[in-house]
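In what follows, a structure is listed as structure tokens, so that the remarks can point back to it.
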Protein chains: 4
Amino acid sequence: MRVRDDTKINTIFEATTALTSEVGLNRLTMSSIAQRAKMACGTLYIYFDSKERLLNELYMHLFVGSTLSILPSIGHLPLKKQLSIIWSKVLWFRVTNSSEVIFMHQFRYSVYASEETHKLDDQFVGFIKNLLGQGKEELIIKNIDSDLIIPLFYGYANNLARQMAMDEVEITDEIIDQTFHLCWDAIKS
Amino acid sequence: MRVRDDTKINTIFEATTALTSEVGLNRLTMSSIAQRAKMACGTLYIYFDSKERLLNELYMHLFVGSTLSILPSIGHLPLKKQLSIIWSKVLWFRVTNSSEVIFMHQFRYSVYASEETHKLDDQFVGFIKNLLGQGKEELIIKNIDSDLIIPLFYGYANNLARQMAMDEVEITDEIIDQTFHLCWDAIKS
Amino acid sequence: MRVRDDTKINTIFEATTALTSEVGLNRLTMSSIAQRAKMACGTLYIYFDSKERLLNELYMHLFVGSTLSILPSIGHLPLKKQLSIIWSKVLWFRVTNSSEVIFMHQFRYSVYASEETHKLDDQFVGFIKNLLGQGKEELIIKNIDSDLIIPLFYGYANNLARQMAMDEVEITDEIIDQTFHLCWDAIKS
Amino acid sequence: MRVRDDTKINTIFEATTALTSEVGLNRLTMSSIAQRAKMACGTLYIYFDSKERLLNELYMHLFVGSTLSILPSIGHLPLKKQLSIIWSKVLWFRVTNSSEVIFMHQFRYSVYASEETHKLDDQFVGFIKNLLGQGKEELIIKNIDSDLIIPLFYGYANNLARQMAMDEVEITDEIIDQTFHLCWDAIKS
DNA sequence: GATGAATGAGTTTTCATTCAT
DNA sequence: CATGAATGAAAACTCATTCAT
């Protein structure tokens, strides 16, 4: 019997991200994914119930891999260090995986994004909110509603990465440093 | 084609923004636009060559109305004041026109966005870049590559507005003040 | 403007019945209907929401045309005469519209048949039940549960018509007479 | 192919009849049969060349089991008795095996039914025709073309059984008696 | 024999665009 | 100009059948 091959899921994911970054989410079709992944159209449906599920699972996979996975391991570090690590991690991922970022960006606000997916984001946002709350108590960070601060990090990271990907600028530690300092100066009290 | 009947064009634009914010760009169809605008499907093609043109013209219309239009009139003011006015203007527009912002956001990186449209953005970015260059010469602003600064403003504004629209938070002068100060603290030298 | 052409619905109905009798309900596709009706595939969806609706509306159309339409006009006649007219009407229709009957037969118990459609049948059955009830009161008809009698008429008519259509036997008044007498002898008291 | 493993074949047959009565012939898929029969999709093809063959063999199996098998053993009985036994046998089978009857009914006139299958029916019909011929010679039965009589039995039995199955009415000897008398009164001279 | 993953032709349905009125 | 019926290519998804294990 042909064994169910879990690397196939990765092949599908790769084909999907690559195609989305090339032609956009709107022109992404199941048959084009299949063609790119070198398998039959029907095979996609063995691994995913529908196009919607495929995209949602890909998003969750990327989101977990890019950000959620580091959160637990840095809880003991000082606040600024934690933020700086997250910033670096997020930026590195975003810049070195430009196709993936383009996919995430287009998917994020598309009709395909499910409740479940949005909750992942909330989880991340919740963590950051917590961090900022701490910082405010310690009087390190300006006493401003976190909902006004988070979009700065979030929007800046997204936009910066997208811009760099489009201009084909390579990321350096210096750039990460500089941009993090902008953020830090913005929020430090 | 394209006779000036601004009433009709506005009706089409309003229908398009409203629908996009309700069902998303992916599910936006020409006949749904026509239906919402209370006209026939074919009438849309009297005013716009194609769906792509319609969307691009709408984007340009919104972009000019929301930002580009203020730029010339404030050139004589001091740097920080100029930035603050632009910030306020942009944010007000984004928050008080949430449908429009959702449309712009979804359209901005979609397959529909043409070269021409991207150049509009560049025009705006060029203006800001200029401003920042001035600031750096006057040693008011950190000496950092403007391409690293602009995404902060751009991304922050976009994200903040989208978040506020979704949470149905009302904008106040205080919020504009607070958020602008975050930005300013980030870049001031 | 092209005017919405209601004869088109008949064209579609005819194509559908003809095709069903030729290839069966299972191989009946929307594109084959469109092709046979000499119109585009999408045109079908202007007149019918879905394949299911098309089939249901066709069934109702045929059912009403073939049986339901005569019921009201014969209420004043004596019982046996009424039954005999219905029998004749049903049989004539079934035999002279063999494609239609094949469609109705295949559709009747298919997955496509909706609640609404079944209710039509009930309406007809209800009428006959009433008639039989009268007959029993007048002691003309055997005092047997109507649910045991109706399938005789219903099943016999269906089967006889189908058989005659397949054997390409022509119907005659004599045949109608003979077969009705079988039925009548079966139920008369 | 087609090794005799009757246990497995029966499992497949049961799964097929059950599923057909639940979802209809149109939604009956090979993989759903396999799933219900708790075996792999490919296994079905060890026992049957194709879906069409499977269905035809099932029909023949049911037909033989339900009717054909009794014919030889009653040839010596008087005409009315023979008919009455067949009626009883047929009705009992149809009512106590409602899934099977639904399958037979849906299959009977579907695209899947092969020549071979139709010949089975002819065999049964031929036997009955013979019987009726006898009856006419003995002047017990009306002198009417048998092709006009058989559909009465055939259609009545089918329809009655289907109706009772749907209404979940239990069959009794009384019902069999009553309905047979209807038939007999119809044809007796 | 048995499995079930893989195939890909075929199905229903959508929708940007055209065009007769 | 305005209409909206008509078009047909293309999309998502299904499923009988094959085949590597």
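Within every chain, numbering begins at 1; the chains are lettered A, B, ... in the order of the sequence lines, protein sequences first and strands thereafter.
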Given atom [atom1] of [X] and atom [atom2] of [N], what is their separation to the nearest angstrom?
X	N	atom1	atom2	value
Ile46(C)	dC15(E)	CD1	C1'	11 Å
Arg27(C)	dT14(F)	CZ	P	21 Å
Gln35(C)	dT7(F)	CD	P	13 Å
Met30(D)	dA6(E)	CE	P	20 Å
Tyr112(D)	dC15(F)	OH	C1'	10 Å
Asp49(C)	dT14(E)	CG	P	9 Å
Leu19(C)	dT11(E)	CG	P	12 Å
Ile33(C)	dT7(F)	CD1	P	15 Å

* Chi angles and distances behind the side chain to side chain donor-acceptor pair (under 3.5 Å) call for His118(D), Arg108(D) -> CA-CA 8 Å; His118(D) 284 306; Arg108(D) 184 68 188 73; 3.0 Å; yes
* To do: Give a yes or no on whether Gln35(A) atom CD has more than 12 heavy-atom contacts from other residues, nucleotides or ligands under 6.0 Å away.
  => no
Closest to the [X] side chain: [options]?
X	options	answer
Tyr45(D)	dT7(F), dA16(F), dA9(F)	dA16(F)
Ser31(C)	dA12(F), dA5(E), dT12(E)	dT12(E)
Lys51(A)	dA5(F), dA11(F), dT17(E)	dA11(F)
Ala40(D)	dT17(E), dG8(E), dT3(E)	dT3(E)

* Structure fact -> Whichever of Lys38(D) and Gly42(A) has the more 5' nearest nucleotide on DNA chain E, that residue is Lys38(D)
* Considering heavy-atom distances to DNA chain F, does Met39(B) or Lys8(C) have its closest nucleotide positioned more toward the 5' end? -> Met39(B)
* Earlier contact from the 5' end, DNA chain F, for Thr29(A) and Cys41(C) -> Cys41(C)
* Parallel, tilted or perpendicular, as decided by the 30° and 60° cut-offs, for the rings of His105(A) and His105(B) -> parallel
* Asked: For dA20(F), what is the paired nucleotide under Watson-Crick or G-U wobble rules, both distances under 3.5 Å?
  -> dT3(E)
* To do: Would you mind classifying the nucleic acid contact of Leu28(B) as base, sugar-phosphate or nothing, using non-hydrogen atoms under 4.0 angstrom?
  => sugar-phosphate
* Asked: Across the strands shown, which category fits Leu54(D) at heavy-atom distances under 4.0 angstrom: base, sugar-phosphate, nothing?
  -> nothing
* **Ring centres under 6.0 angstrom apart (Tyr59(D), Phe13(D))** => no
* **Side-chain N,O (Tyr47(B)) to OP1/OP2 (dA2(F)) below 4.0 Å** => yes
* Tell me whether the OP1 or OP2 atom of dT7(E) has a side-chain N or O from Thr43(A) closer than 4.0 Å. => yes
* Asked: Among Thr16(A), Val23(A), Thr17(A), whose side-chain contact (heavy atoms from CB on, under 4.5 Å) with Thr20(A) holds?
  -> Thr16(A)
